[in-house]
Visitor: 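Below is a structure I'd like to ask you about.
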Amino acid sequence: SDSTTGGSSGKDGEKGVVNIGYSGPLSGAAAFYGERTLNGLKMAAEEINDEGGFEVNGKTYTINLVPLDDKYLPNETASNAKRLVQEHKTPIIFTPHSGGVLALQVFNEVDNFIIGAYTSEPSVTEGGNKLTVQIPPKYDGYVEPFTNYAMDRFGKKIAALPTSSQYGKDWTETLLTYWKKQGGEVVYESSINFAKDTDFFTVITNALKKKPDVLFIGGASEPTAKVAKQARELGFKGGFIVMDQAKLNEMEKITGSYEVLEGAVGVLPLIYSKAPGVPSFKEKYNAKYKEDPGSEAGIHYIGLHAFIEAMKAAGTVDDPKKIYEHVQDGLDAIPEERKTYLVPKITEAGSFDYELHFGVVEDGEVKEMEAK
Amino acid sequence: MYLETKQLTKKFGGLVAVNNVDFSIEKGKINAIIGPNGAGKSTFFNLISGFHPPTFGQVIFKGTDITTLPANQIAKLGISRTFQTTNLFEQATVLDNVMVGHRLRTESNLFDAIFRTKRLQREDKQCRDKAMEVLTFVGLQNITHKMITNISQEEKKRVAFALALATDPEIIFLDEPAAGVNPDETEGLAELMQKMVDYGLTVCLIEHKMQMVMKLAQKIMVLNYGEKIAEGTPDEIKNNEAVIKAYLGGSAIA
Amino acid sequence: MTSIFNKRNSIIFFVLLSLIFPAVVPNDYFLYLMTTAFIWVIAVSGLNILAGYTGYLSLAHAGFFAIGAYSLGLLTVKVEMNYWIAFVLTLGITSLSGLLVGLIALRTKEHFFAIYTLCVGYIIYLVIDKWEGLTGGVRGLIGIPTPANIGSLAFDSVHSQYYLVLFFMLLSLLIIYRIVHSLTGRTFIAIRNSEQLATTIGVSTMKNKLLAFVLSTFFAGMSGALYASVIRFIGPEIAYTSVMFDLLMYLLVGGIGTISGPIVGAIVIVWVSQQLQFLQEYRMLIFGPLLTLIIIFYPRGIVGAFISLKTRAQAKKRKVPIVNESLTPTQKQIEEG
Amino acid sequence: MDILIQQLFNGLTIGSVYSLVALGLTLVYGILHIPNFAHGALYMMGGYMTFTMMTKFGFHYWLAILIAVVAVGLLGVLMERFVFHPLRNAPPLHDKIAAIGILLFLESFAQLVWGGDYLTMPTPYNQVVSIFGLTFTMQRLLIIIAAIVIMIALNLFLKKTFTGATIIAMSQNREGANLVGINTTKVAMLTFLISGGLAALASSLASPINLVFPGMGHLVILKAFVIIILGGMGSIPGAILGGYILGFSESLGATYISNDYKDIIAFILLVLILTIKPTGLFVKGGHT
Amino acid sequence: MLRLQDVSIKYGEFTAISNVNIEVKSGEIIVLLGANGAGKSTSFRAISGLSKPHQGDILFQGRSILKLSADKIVQAGIVQCSEGRNLFSAMSVQENLQMGAYIHRRKKQQIKQSMEHVYELFPILHEKRHDAAGSLSGGQQQMLAIGRALMSKPKLMMLDEPSVGLAPLIVEQMFAVIQQINQEGMTILLAEQNANAALKIASKGYVFESGSIVTEGTREQLLANDRIRKAYIGA
Ligand SMILES: Nc1ncnc2c1ncn2[C@@H]1O[C@H](COP(=O)(O)OP(=O)(O)OP(=O)(O)O)[C@@H](O)[C@H]1O
Ligand SMILES: Nc1ncnc2c1ncn2[C@@H]1O[C@H](COP(=O)(O)OP(=O)(O)OP(=O)(O)O)[C@@H](O)[C@H]1O
Ligand SMILES: [Mg+2]
Ligand SMILES: [Mg+2]
């Protein structure tokens, strides 16, 4: 039905459709996460379509988003991608999990499509794949400011209780290495599987017995907040370093107030960000999905805009290699009011390079700090 | 001695199902075991055929001690049995049921199966021929392709016989072979048992149908509460006080 | 005599169809999907030997599938072994692990066996997930090579991989067909029907159950190895219970205890669930009840339903059940039961 | 020392939840010989029901729990009627797969209605109580007390009332129960009602210390299976004891062995036990 | 009181009983004779509602009970003491008796009385009232099964081979008890292979062979029948 276009040699006034692919968990345990990532794409696509589309080489294109469910399984991601490329000729496929990205990297250069990789897994760019764009910020940037802040304010003993995902583990390793380098001490280290643990009390009890000054926690916002809350219940008085996956504002909904989170340092929630595109994005998102947008949505939103701008700059909608070459131009061309994040450049390896801001909870409210 | 048990004993928890039983089975004859329900007759069979390990005592077959052998090994030695509740492969045809019965006399393995070796083909035919042979012997050559679920009780009994015979046994143990068949059919089954003996097999059966037992058996053992209370020829048993009291019932047989 | 022609014809038809399939489909996606479906067919057929023919439902099968995938992955990526040597070794490793597990697991029966193996499967998953040093943990294993060339045959394209997997699937089916229709197969079926009776007729049930178990893990391993080399990335989730549930679903919807059941089940479900993509988040809402209904109304799966339809039609036509000389009763029973 | 006591308390809390879930599972198994793979979905539905009753309708915690217990109990009854009853004579594999179908359905249903995110269930029992340097929260005390009360009540119900005794009678001899005039169909439904109710109660109690999400039943159910096998399938004291054994071994295992491997403990325990005793620990004797 | 009209039952393809006609009058003891598998238990199962006939009708006190479920039939006043005894093996003797009174569960007083009555009939049960039913000997289990059946105060009691596996002495006792409860006013339908003992107390008998009734008649008629004497009484 939706025949895709091709052709960069369109005539003036002609209309076309660009299919944008998406494969993520839309059913099963991780579905809510998949949906939020997809929401960001939908917002961007609708914005552009509502304006009547975008113009490349004199031809006007609208965006048709084709989302497929992969249940978080890499082999399903691969089948989906084959389908997207073969049946919908999608030049770009977004995938919000590292397994899926890695499975796609097996053939994306041959089958010729860009992966919009929403994962901070370093190996997706380290492998030298020529058509992968890593869209979220790298966590390394947070390590130094978080450490400095928490150490100055609370002390040198840290206990780590992050989520047991690979991301959590990598984060922990980077953070703890730096922490020790700064003269800190790691008194306890373990991880929690939020989807499978029935009770966090046990592990928190064990961690607190080691009298840490700072707790490193993280994962999805809600369970992370539970961990913080239960640590307070068990008498913990120190500060928290919150891994970037969790958002302070979402955590506050669980804990009931920022008081519980006093002294927490984490990424600045999108809604508190001073980036120019945030207010309007937040408003639209609120209206549409009845909740505050998180970074998954915000990053996908700006990600899609960046690619569309790149298409304009490249003068093609169906040559992924060319589009890829023009991502930097795309980033430069994103209108101010759409900048939910400030992404000045894309690195040599293909990662978006963000201007980082972070937030701390002081006296019951979130304050913005700038990472140097 | 052909097959004998020495002080054979089986306890289930506190219950002594078989208690110190010495019994010998005579070759080429029909031996019978009788006794009230729960006397331990089936358990006695189970001990001989290796289904339950005895708590105490021995089973000796042709001079070798087979007490601790597993059931399948005992079957290979030529000891075969049927079950009280007719136990067949319900979802298969008569022929299929009986064909596997000869499996223990074949050697072919996975390799033969995968490569369809000569040996497999030969043995497959061998099993089929054997099945046809024993089915003919029990008189079922005409219903080989019927499903077990669709045949009569008496036919099932015959299939059970055939299955036991397909293992090429020397001695065959039948647990209540005539239970659940009418007098007429019982007659037929009795003839069949006689035919087995004529054919050179040794038969040992458990039966409640006294008329049949008394007519067929050459040697009878009576069990009661796990203990052997009598042993002898039908005439001896019929007139044994203890047996009349425990099993036959004074007035019933008189 | 017509039925044998039907049967032979349908086999020939299936093989021919699968051979020309790449030529008739519009694009690689179909081919790719079919390739993955074939991979599942191998695993499910293996499971069928155990659950369908021997009567023991193992819920550790996804675990053995994962052992196969990881063995191949680790041998090729970390040990950098020649692909085909690794492939053969993988089959050995999975069979061996099947042997070890089987020795203990097969002492239990029925629900105990099912839940015991469920736990074994979960332990396999946890080990893969936690043993980062070896398996890469949650991150998974990347860079698994495509099957190495055999002479001038290369396996780096979707087409060639399709044919490679097809080859292994047909080979597996042939082997399984032959096993099931041999005396060994009869022995398995005897155990399924009555373990007690099987013992009395001289069958060593433990030995045969173990053989069935090892065979089933052998095919799980083969399937896992092919999965690893086609997808070329594996993570611990392939050992998870949801994959196990998928395998069971393929088996039951297709028709347990039939050779063609796994083929029909895997292909139909893989396609249907792709076709239901448009339902997105409603997908499982439809799929779940559908599965339950199939189980209730077609307990013998699609193949079972088809067979009873056929026999009924035949019985109507001829009034009496036909006895087919060339089709042995076992074959009939196997296909039907 | 205090860490030991604190961890024993933690083990008691989590053991209480496990026991409640395992009880429901074992009751159904005892009577109908169905290993209900969808029990975890009932657990999950219970959490959502209570959550909705509290947040949408503003009901009090206990009222919300009551409604959830009844609603999920009825869901169990529906399951019995429409799925397990028609399958009662099918081979053992089929009810497992049918249950998986239900599981998939209920999970995606929950996701559709409530979304896939983690939800927090409010509770009026947020207070933290510290005695002798040990920390209890009211909710945790509540879990323990409520679980014990319910287990005692259930036991009294089964032992002292005629209706309860019918359940025991039927688990021992279905036909015998039928012959003394018990309507076995009704008892089957009643059992599912109780089983679902227990699952809902367990999740309603446990949710405030954790979260409500579609996958919340997964690991609980797997562990409940381990428990009922440990405790002897169908044995009620076995399920309770097994639940606490697992609760303690997890909290102590996490402390003295490794938190990362504490989940494996349950499974290793089971594999070891079945390796030594293939029919489970407390098999019921005396079958005729 | 009870009438079976042309009842036939199939188990799958196999016809277990065909065209069975039985008539039981109030206050009688009727005996069904027949070899193993002749169809006695199957007839009982049909009356109890455990197996549904595919043909024929069963009337109890003039009303068809064909459509009633097993538990409703017990409530109507027919109780069966089945062949396998079907006791609740892990429950105590007393609990078993209590369950027997399930349909009278609200009448505490009546239950107590019935129980005392049962203990009078079988003093051994009183002695063993706290023991698990599964631990009793075969004879005691049979007594318990009869006792449990009595607890429901049926109008018609069916006993399926009550003498099975019991020592002759006990068998005599058993029949004495049966006669006693019959004299107390209960109608009894008995299945037996032990024709001799059964016919001593019965007023009428039916003889089953391969699922059909081949002979019927009063005690005297049956005892006088040579063929019957030979086949079921011996010699
Ligand atoms: N596997 C077992 N476990 C426990 N007890 C058993 C077992 N098998 C048999 N028994 C008991 O052992 C005793 C003897 O039983 P057995 O089956 O040998 O009797 P039988 O003489 O064959 O009786 P029938 O004539 O009724 O078949 C009975 O009390 C029975 O309950
Ligand atoms: N559930 C069943 N499925 C199939 N056939 C059955 C079933 N129950 C009984 N039969 C068959 O029906 C026939 C009649 O059995 P029934 O139990 O009524 O006999 P009976 O006269 O009570 O014998 P017994 O003296 O052994 O108790 C037998 O051939 C038996 O094998
Ligand atoms: Mg016996
Ligand atoms: Mg009977």
Side-chain angles (χ1 to χ4, degrees), chain C residues 51-52 55 57 59 101 103-127 129-130 192 240-242 244-246 248-249 251-253 256-257 279-301, chain D residues 29 33-35 37-38 41 79 82-87 89-109 111-112 115-116 218-219 221-223 225-226 228-229 233 258 260-261 263-264 266-280 283:
Chain C
L57 171 64
L59 297 178
V101 171
L103 271 174
I104 301 167
L106 287 165
R107 286 153 40 96
T108 61
K109 286 192 169 58
E110 294 163 14
H111 294 316
F112 284 98
F113 181 79
I115 296 177
Y116 186 97
T117 46
L118 182 69
C119 291
V120 170
Y122 197 72
I123 290 173
I124 295 175
Y125 164 74
L126 284 176
V127 167
D129 191 63
K130 306 272 180 195
R192 174 188 75 186
Y240 199 56
T241 37
S242 50
M244 186 65 231
F245 288 170
D246 283 350
L248 274 182
M249 208 149 67
L251 183 57
L252 265 144
V253 171
I256 187 166
L279 292 166
Q280 293 199 24
E281 65 263 44
Y282 300 93
R283 186 149 73 123
M284 287 298 144
L285 222 50
I286 309 277
F287 195 69
L290 203 66
L291 180 65
T292 307
L293 289 177
I294 288 182
I295 297 301
I296 294 176
F297 293 105
Y298 299 100
R300 297 194 305 154
Chain D
Y29 184 83
H33 294 269
I34 299 168
F37 277 59
M79 250 158 73
F82 291 113
V83 181
F84 294 122
H85 188 73
L87 282 176
N89 294 324
L93 209 91
H94 290 62
D95 47 27
K96 295 192 189 84
I97 307 293
I100 292 168
I102 303 175
L103 179 92
L104 294 176
F105 170 76
L106 287 178
E107 263 176 28
S108 52
F109 176 79
Q111 198 184 309
L112 199 75
H218 285 177
L219 206 68
I221 183 68
L222 216 55
K223 286 185 181 161
F225 270 118
V226 172
I228 70 167
I229 284 217
M233 313 256 270
S258 152
D260 290 344
Y261 289 93
D263 281 338
I264 299 191
F267 301 103
I268 299 278
L269 203 66
L270 181 86
V271 166
L272 280 181
I273 284 172
L274 283 189
T275 303
I276 299 160
K277 231 176 148 252
T279 45
V283 242

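Lettering follows sequence order; numbering is per chain, from 1. Computed from a prediction, not measured in an experiment: that's the story for all the values here.
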Visitor: Tell me which of these, D/Phe82, D/Phe109, D/Tyr29, has more heavy-atom pairs under 4.5 Å with chain C than the rest.
Guide: D/Tyr29

Visitor: Relative to chain C, which segment of D/Ile276 carries a heavy atom at a distance below 4.5 Å: side chain, backbone, both, or neither?
Guide: backbone

Visitor: Please look at C/Ala105 and chain D and tell me whether the side chain, the backbone, both or neither of the residue comes under 4.5 angstrom of a heavy atom of that chain.
Guide: neither

Visitor: Counting only non-hydrogen atoms closer than 4.5 Å, does C/Leu103 touch chain D with its backbone (N, CA, C, O), its side chain (CB onward), both, or neither?
Guide: neither

Visitor: Of all residues at least two apart in sequence or in a different chain, which pass the ring pair (Phe, Tyr, Trp, His ring centres under 6.0 Å) check with D/Phe84?
Guide: D/Phe192

Visitor: Who are the salt bridge (Lys or Arg N to Asp or Glu O under 4.0 Å) partners of D/Lys96, not counting sequence neighbours?
Guide: none

Visitor: If you count heavy-atom pairs under 4.5 Å between each of C/Leu291, C/Leu251, C/Ile294 and chain D, which one has the most?
Guide: C/Leu291

Visitor: Is chain D contacted by the side chain of C/Ile296, its backbone, both, or neither, given a heavy-atom distance below 4.5 Å?
Guide: both

Visitor: Out of D/Ile268, D/Ile229, D/Leu222, D/Val226, which one pairs with C/Cys119 under the side-chain contact (heavy atoms from CB on, under 4.5 Å) rule?
Guide: D/Val226

Visitor: Using non-hydrogen atoms only, which part of C/Leu118 is less than 4.5 Å away from chain D: side chain, backbone, both, or neither?
Guide: side chain

Visitor: Any chance you could measure D/Ile221, atom CD1, to C/Thr241, atom OG1, to the nearest 0.5 Å?
Guide: 11.5 Å

Visitor: Quick one: pull up CD1 in D/Ile97 and CD1 in C/Ile295 and give me the separation to the nearest 0.5 Å.
Guide: 6.0 Å

Visitor: Tell me, do C/Phe245 and D/Leu103 make a side-chain contact under 4.5 Å, heavy atoms counted?
Guide: yes

Visitor: Taking D/Ile100, D/Leu106, D/Leu104, D/Ile102 one by one, which has the highest count of heavy-atom pairs under 4.5 Å against chain C?
Guide: D/Ile100

Visitor: For residues D/Phe105 and C/Thr292, determine if any side-chain heavy atom of one lies less than 4.5 Å from a side-chain heavy atom of the other.
Guide: no

